[in-house]
Amino acid sequence: MPGESPPRILVVGGGIIGCSVARELAVRGCRVTVLERDRVACEATSAAAGILSPQIEADGPSPFLDLGLESLRLYPQFARELTEETGIDPQFDSRGILQVSLTREDEASSGDLLRWQRRAGLPVEELSAGDVTTLEPGLSAALLGGLYFPRGAQVDPVPLSRALALAARRRGAEIREGAAVLNLVGRGGRVVGVEVDGGEILEADLVVLAAGAWSSALLPEVEARVFPVRGQIVVLDSRRPPRAHPIYTPRGYLVHRRDGRVLVGSTSERVGFRKAVTPRSLMRLVAIALALDPALEDAVFATAWSGLRPGTEDGKPLLGEVRPGLLAATGHHRGGILLAPITAALIAELVLRGSTSRDLAPFSPLRSAGSGHAEVAP
Ligand SMILES: Cc1cc2nc3c(=O)[nH]c(=O)nc-3n(C[C@H](O)[C@H](O)[C@H](O)COP(=O)(O)OP(=O)(O)OC[C@H]3O[C@@H](n4cnc5c(N)ncnc54)[C@H](O)[C@@H]3O)c2cc1C
């Protein structure tokens, strides 16, 4: 970043991405203000399950897979530092992830995953049905087998994002809730600030756009659009100690919180900005939960919610310069919790050095929209 005094940075959006970026920049001496139109982490971030699984659902080796693997590698220190800085435990748990097969179709897709991941030298173990129930007793007797990803992990996005916001504040960042950004302010081809609802103009050396599913409203000229992808989650209170691993299938998953809650996710729906829990999805998710873990028949329904993932056509995030003065850190779709540490590190490199240690071309906000699908679950 050119200039001698600490750069002044405005971050638009106070989800996990905005808060991670803000903390990282504040740690490195920048003057940071986060502008969040509502409350910190009130959108996709607090709706997320928190599975950290770059290997699951990946189609093959790619820069995107590498980005996820690198972010996962950063997680233990990320979580530990946050606990030390704030006293809040984000419940990071690295005991791995189980992918199980309930049908021959599940088995076939697990087989494909296993083959290319072994060829790529990634850690993954094939499990018989017996192995699965040894690892997680009481799962359905109908399971055909599964895969164990020892490097998969999980975290609870709610305390995680609370910790990030607190850590950012303690490092000097200002987090303004109830501050909706209406427009970017430009001068001579450069973004020099933002206009906040109410007419206030804030100036900055750089603006980082981290407005999740709403990002494209501020980026009308960018072809790689960000759009909302609704995900619903049902929460059951299992009233028993949590299982050690998230249980994943291509059609849904179970994530166990330490307090006995079981999150059953999720849907992937392009229905615009309509957050809602629908009876059909609720029934489908409950059916998946019971098919995986029959003991959940005696669980108590706790709650259900939906959130809007910041989707992109090719499933990859938008990271990097949009135009002078404006960086994008958005479009993380199904992997924003996973990708928070690496996103923060890369954006900080861009802000402070003007370049990054990792090639960001595949994630350029200026790439053509293209087509494709998400490679990071869930
Ligand atoms: C059901 C579900 C399950 C998921 N599970 C996982 C998972 O297991 N693992 C994983 O890695 N990811 C998961 N995700 C994805 C993850 O939640 C997202 O990728 C991540 O939260 C995106 O973070 P964000 O900060 O970009 O967006 P958000 O959390 O949506 O934050 C964007 C913020 O910007 C604010 N904002 C928007 N417009 C403006 C404006 N004009 N001015 C000011 N503020 C503005 C919003 O109010 C919001 O708070 C899941 C998502 C869902 C919905």
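Counting convention: from 1, in listed order, for ligands and their atoms alike.
- Taking the centre and axis of the six-membered ring of Phe92, the NZ or CZ atom of Arg80 falls outside the cone set by 45° and 6.0 Å.
- At least one heavy atom of Ala179 sits under 4.0 Å from some atom of ligand 1.
- Residue contacts with ligand 1: Gly50 is included, with a non-hydrogen atom under 4.0 Å away.
- By the criterion of a heavy-atom distance under 4.0 Å, the side chain of Ser266, and not its backbone, is placed next to ligand 1.
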Side-chain donor/acceptor pairs under 3.5 Å, residues 286-296, sequence neighbours excluded:
residue : atom : partner : partner atom : Å
Asp293  : OD1  : Arg243  : NH2          : 3.4
Asp293  : OD1  : Ala295  : N            : 3.4
Asp293  : OD2  : Arg240  : NH2          : 2.5
Asp293  : OD2  : Arg243  : NE           : 3.0
Asp293  : OD2  : Arg243  : NH2          : 3.2

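- At a heavy-atom distance under 4.0 Å, no atom of Arg230 approaches ligand 1.
- Contacts between Tyr253 and ligand 1 below 4.0 angstrom, taking non-hydrogen atoms only, involve the side chain exclusively.
- If you look at Thr45 next to ligand 1, the close heavy atoms, those under 4.0 Å, come from the backbone and the side chain alike.
- By the 4.0 Å heavy-atom criterion, Gly265 is excluded from the residues contacting ligand 1.
- Checked against side-chain contact (heavy atoms from CB on, under 4.5 Å), Pro150 has the following partners two or more places apart in sequence or in another chain: Pro123, Glu125, Tyr148.
- By the 4.0 Å heavy-atom criterion, Thr330 is excluded from the residues contacting ligand 1.
- The residue Ser53 has no part lying near ligand 1, judged by heavy-atom distances below 4.0 Å.
- Between Glu349 and Arg358, none of the side-chain N atoms (NZ, or NE/NH1/NH2) sits under 4.0 Å from a carboxylate O, so this pair counts as no salt bridge.
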